[in-house]
Structures are given as structure tokens and as C-alpha cells.
Amino acid sequence: MTAERKRGARQKFLLGGIVVKARLSKADRTFLLGGLLELARIAPGSSEHHRLRDIGKAAFIEGPSLDTVQEKAEWH
């Protein structure tokens, strides 16, 4: 595997982990893509961008681990 392919695979793995952390692993793919497209419309540096970034930062620091999120997702 080339270094570029390894980087791409790692990026996909990390993004998948974010989806799991957000408890969206069972969400419809079209719903996820629609949400991401809406997020892409938010101007970097705007108050909404900062608000959402702060929520995400807190989730990484204080939120449940990926293992806990995966277990809860399997319960539903």
C-alpha cells in the first residue's frame, strides 16, 4: 500500500470514528450527506461555526468513548 493510500485510509477511518462518536452509525447515508452538505455552507469563523466547533470539542474531551457509543448504538 502506498503512503498516499495509507493516508486516505486513515482519514476515512478517523471520519468514521466521528460518525460513531456522534451516535450516527446507523443513520441513513443520505441524511448524513445532507447534514454534511449543510455544514459545508457555514462560513469558517462565523458564530455558528464557532458554536458547532465548541460542541464538538467538548464531545471529544468529555463525551463517551467510541466503545460506549458503539454499545449504545447496538442496543437500539
Side-chain angles (χ1 to χ4, degrees):
M1 184 180 278
T2 68
E4 185 177 327
R5 286 187 65 196
K6 282 184 182 180
R7 276 191 296 272
R10 176 149 176 78
Q11 183 181 20
K12 290 173 187 173
F13 176 80
L14 292 173
L15 291 172
I18 290 170
V19 170
V20 171
K21 185 136 183 103
R23 298 183 176 118
L24 292 170
S25 61
K26 298 202 184 236
D28 182 280
R29 292 181 337 155
T30 57
F31 168 76
L32 289 174
L33 181 56
L36 291 170
L37 291 170
E38 284 295 311
L39 286 173
R41 294 179 183 184
I42 297 172
S46 68
S47 60
E48 183 67 357
H49 181 266
H50 286 290
R51 184 184 76 81
L52 293 171
R53 196 178 82 189
D54 290 344
I55 291 169
K57 189 181 222 180
F60 274 121
I61 294 169
E62 303 165 6
S65 70
L66 290 178
D67 293 335
T68 303
V69 171
Q70 184 61 38
E71 288 172 11
K72 287 182 180 180
E74 290 172 358
W75 294 342
H76 298 290

Distance, nearest 0.5 Å, that separates CZ of R7 from CD of Q11: 10.5 Å

Can you tell me how far apart CZ (R23) and NZ (K21) are? Round to the nearest 0.5 Å. 8.5 Å

Other ILVMFWY residues reachable from F13 by side-chain steps of under 4.5 Å: L14

For L52, which fellow cluster members are found when Ile, Leu, Val, Met, Phe, Trp and Tyr are connected by side-chain heavy-atom distances below 4.5 angstrom, either directly or through intermediates? L36, L39, I42, I55

Tell me, please, which residues at least two apart from R5 pass side-chain contact (heavy atoms from CB on, under 4.5 Å). M1, T2

